Asker: 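My questions all concern the structure below.
What you see is a predicted model, and the numbers here were worked out from it, not measured in a lab.
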Amino acid sequence: MHEYAVAGLTPAPRGLGARGRRLWRRLVADFDFSVPELELLAEACRTLDSIDFIATALAGAELAIPGSRGQLTAHPLLAEQRQQRELLGRLIGRLQLPDEDPDDASAAATRFARRGAQARWYGPRRR
């Protein structure tokens, strides 16, 4: 059994931080998710918490640090922060949440074009 139930207002998975819990509650209150979508949402919330952890670690840190030969190099957490942000975007994108007014014809055309572009680049969507 999953650590959260599907019926009613689905409680947040254990161990989420403040922003992860807020995102979970906001989305679960507004949308009905399947079990696989809840898994994606849980990972998105954990990723958001990771981004916050990295941001806290980088706060006040030197962003350019000495490398192995004394040269200045970017702090390794900067690359990890970028990767976590990209991952969050992909996870949220996989949930296919509506971001526009569903009655707006131009928004529907944009969604249709976006799905077509994704199909060209990544293959047809699997359910």
Asker: Which atom pair, heavy atoms only, marks the closest approach of His75 to Glu62?
Answerer: CD2-O, 3.3 Å
Asker: Of all heavy-atom pairs between Leu63 and Leu78, which one has the smallest distance, and what is that distance?
Answerer: O-CD1, 3.7 Å
Asker: Which heavy atom of Pro76 sits nearest a heavy atom of Ile65, and at what distance?
Answerer: CD-CD1, 3.5 Å
Asker: For Pro13 versus Arg46, what's the shortest heavy-atom pair and its separation?
Answerer: CB-NH2, 3.8 Å
Asker: Within the distance-only criterion (no hydrogens, no angle test), does the side chain of Glu86 pair as donor or acceptor with the backbone N or O of Gln84 below 3.5 angstrom?
Answerer: no
Asker: Does Leu38 form a side chain to side chain contact (heavy atoms under 4.5 Å, CB included) with Trp24? I'd like the steps, not just the answer.
Answerer: CA-CA 9 Å; Leu38 286 172; Trp24 178 275; 3.8 Å; yes
Asker: Is the closest side-chain heavy-atom distance between Phe33 and Thr10 below 4.5 Å?
Answerer: no
Asker: What residue among Leu48, Asp49, Leu23 forms side chain to side chain contact (heavy atoms under 4.5 Å, CB included) with Leu16?
Answerer: Asp49
Asker: Among Arg85, Arg21, Arg22, Arg19, which residue satisfies the salt bridge (Lys or Arg N to Asp or Glu O under 4.0 Å) criterion with Asp52?
Answerer: Arg19
Asker: Tell me whether Glu37 contacts the main-chain N or O of Ser34 through its side chain, where contact means a donor paired with an acceptor under 3.5 Å.
Answerer: yes
Asker: More than 12 foreign heavy atoms under 6.0 Å from CG of Asp30: is that the case here?
Answerer: yes
Asker: Are any of the side-chain heavy atoms of Leu41 and Phe31 separated by less than 4.5 Å?
Answerer: no
Asker: Looking at Gln71, I'd like to know if its CD atom is crowded, meaning that more than 12 non-hydrogen atoms belonging to other residues, nucleotides or ligands lie closer than 6.0 Å.
Answerer: yes
